[in-house]
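First the structure, in the form of structure tokens, and then the observations on it.
Predicted model, so just to flag it, every value in this text is computed and none were measured. Convention: sequence-line order gives letters A, B, ...; per-chain numbering from 1.
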2 protein chains.
Amino acid sequence: MATMVDVARIAGVSISTVSHVLNGTRNVEPATRKKVQSAIEQTGYRQDTLARAMRRSRTESIGLVVSDAGEPAFAEMVHGVENAAAERGLTLLLANSAEDADREQRAVRTLLDRRVDGLILARAAASPDSLLAGLRDDKAPIVLLDRLYRDLPFDQVGGENRDSMRQLVGHLTSRGHRRFAVIAGDLRVPTLQERLDGFFDGLRDAEVDPVDQLIVKDSSLDALTHALGDPASRPTAVIACSTPLAVQGLTALEASGLSTPADVAFATFDGFAYPDLFSPRLTTVRQPAYDMGVAAVGLLADRLASPDSSPRTLRLRQALELRESTELHSVAERA
Amino acid sequence: MATMVDVARIAGVSISTVSHVLNGTRNVEPATRKKVQSAIEQTGYRQDTLARAMRRSRTESIGLVVSDAGEPAFAEMVHGVENAAAERGLTLLLANSAEDADREQRAVRTLLDRRVDGLILARAAASPDSLLAGLRDDKAPIVLLDRLYRDLPFDQVGGENRDSMRQLVGHLTSRGHRRFAVIAGDLRVPTLQERLDGFFDGLRDAEVDPVDQLIVKDSSLDALTHALGDPASRPTAVIACSTPLAVQGLTALEASGLSTPADVAFATFDGFAYPDLFSPRLTTVRQPAYDMGVAAVGLLADRLASPDSSPRTLRLRQALELRESTELHSVAERA
DNA sequence: CTGTTAGCGCCTTCAC
DNA sequence: GTGAAGGCGCTAACAG
């Protein structure tokens, strides 16, 4: 591999001149510039990004850690981050945490070790507080994505989870539903806690008694299966608060021999990749995941530019997509 | 950030000793080792991976380029690669090519610039031959994943596409199907060409006339929609050769008002994330995607260890998962 | 068993 | 407008 020294020798100039034409960092006589450029072509010289990064302590790259880039919502965010980063000439380094605190820790370390200029992080459910505490010493700025924590001095981008759930519940109550099952998931995930909060907001709006509702918090679905099995106590609508939770919910419905929307209405957050191929088509609160990714890069770039401005939190609006699974002809209306 | 010099000073030893305890690269008196270690703790010293990589010209990291880590088949491969890499202490750098030749080129460059020790590459459909040609100069070894090209001097991991399709067709012909539509996709993708080849193998096995078959090669589905619309010429079974092609096929079926498997049987390659939630459940030839990822890392690690052994190609068996969409009670039997 | 020293390839003051 | 030289943090001879 050719180095700057080779180029300099061939061009008959000093390496410092080569460096300067490479980086456009000071004026050089057009003639010498030409010589340098042709020497570059001739040798097939390419900058050594490592040496460069070492000298400048900047890599023009950012890191992204998500729990699983294969999940639809995250996949979209990844696309958003990728494109926005590419547009700014930033290289993206991607890592999965597999929703595991240890792997998350390792992924963050790895990227920081690789000297990314900044980090975008969708924290794992069990992400310890110590993670972020440890990060604050590092000079690389962090942007929190999707899973936002109050009172943290970081830039953050998320969705209007609470409000979206409230709207969804409003829709369902207006259709006559009074008895819900909410598959709420791991409430250490702030996103899920926000959605659950929104659920109660929605009940309050419609003056529905919270006591009648089934909230499934852990991953064991026994309570749900049980409730579905008993016609007397059966909810008329099931709400899943994320895609994996929807999978569990639909599986439970299936096992109970119930069909949607005939026996019970169903709605989910985040949703599946090809909503129109599902049958029934599922009513979905969809994250503006792509835009969230773009926004995260924007915040990060801004912070890179001005490290001391005060942290900003962005909440993006989500779309309520109404489909068959919460259609009119549900059990709630017929009751 | 503390450096080796700091540690050496505090421990009262030379930096070379520090380096050697860090890397276990030569014997050091237990007593001095202790001193060094406590100095490390004290200063919170962490190795500078960049400086280290620069010196050793090895980064203990590998790169992976796929067209879209969000697509189910690739997502699985990514997981396989991640875990296998982690197990060997290799850091993974991931990039998407978005099935675009330029972006692929850029992604490869970026990773190589970052000095990955090796690269795993699932080439984009339009990937130019020049890409690989240019790579051969680089010293970093390449492993081709999923999309395999004959007569290329690289290690490769793929699936038994041709044979799987042959089996699938065997299954369908044994159920009475004689008239197929194959959504074959972009035949520049070798995987897809192999699958199409297998289709004709299967026809030959069952002595079915290839002339009666509809092969949809481009992304325009007009021919398919047209064929489905005409009861006289309508195929009794549709085979989609990848997940995105299945989406197109199902959409076309839907638009034609036909249902599966009552009106027409349907089978797909690669498939969807939650096959049991689809209705109808789709018969699927599933890639051992995770294992392919693991195998790719294995090949890469082997080559890193012995750069001059001759290239190997691995073909993994695929699973034919029979589900409702090709069930007995199809139009073909009734005919 | 330990220390000294020469770079890896590049950027950047400082001098001319 | 250009060059010389120091050093980023680390590893690997080479000495002792």
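- Nucleic acid contact class of B:Ile15 (heavy atoms, under 4.0 Å, all strands): base.
- Toward the 5' end of DNA chain D, the nearer of the two residues B:Asp48 and B:Arg26, judged by each one's closest nucleotide, is B:Asp48.
- Of all heavy-atom pairs between A:Asp68 and B:His79, the closest is OD1-NE2, 3.0 Å.
- Contact annotation for B:Thr17: backbone-only contact, meaning every heavy-atom pair under 4.0 Å involves sugar-phosphate atoms and none involves a base.
- A:Val13 comes within 4.0 angstrom of sugar-phosphate atoms only, judged by non-hydrogen atoms across all strands, and of no base.
- A distance-only check finds no donor-acceptor pair linking the side chain of B:Ser306 to the backbone of B:Arg303 [under 3.5 Å].
- The A:Ser19 side chain lies nearest to C:dT12 when the options are C:dT12, D:dT11, C:dT4.
- Side chains of B:Arg147 and B:Ser127: a donor-acceptor N/O pair is absent below 3.5 angstrom, by distance only.
- B:Ser16 comes within contact range of at least one nucleobase, with a heavy-atom separation under 4.0 Å.
- For a distance-only test at 3.5 Å, the side chain of A:Arg55 fails to qualify as a donor-acceptor partner of the base of C:dT12.
- Residue contacts shown for A:Met54 include a base, since a base heavy atom lies under 4.0 Å away.
- For D:dT11, the OP1/OP2 oxygens have a side-chain nitrogen or oxygen of B:Arg52 closer than 4.0 Å.
- Using a 4.0 Å heavy-atom distance criterion, A:Thr32 is classed as a sugar-phosphate-only contact.
- Look at B:Thr3 and you'll find a side-chain N or O under 4.0 angstrom from OP1 or OP2 of D:dC10.
- Ranking C:dC1, D:dG3, D:dG1 by closeness to the B:Glu29 side chain, first place goes to C:dC1.
- B:Ser57 comes within 4.0 angstrom of nothing in the nucleic acid, heavy atoms only.
- Across all their heavy atoms, A:Pro311 and A:Asp155 have their closest contact at CA-OD1, 3.4 Å.
- A:Leu50 comes within 4.0 angstrom of nothing in the nucleic acid, heavy atoms only.
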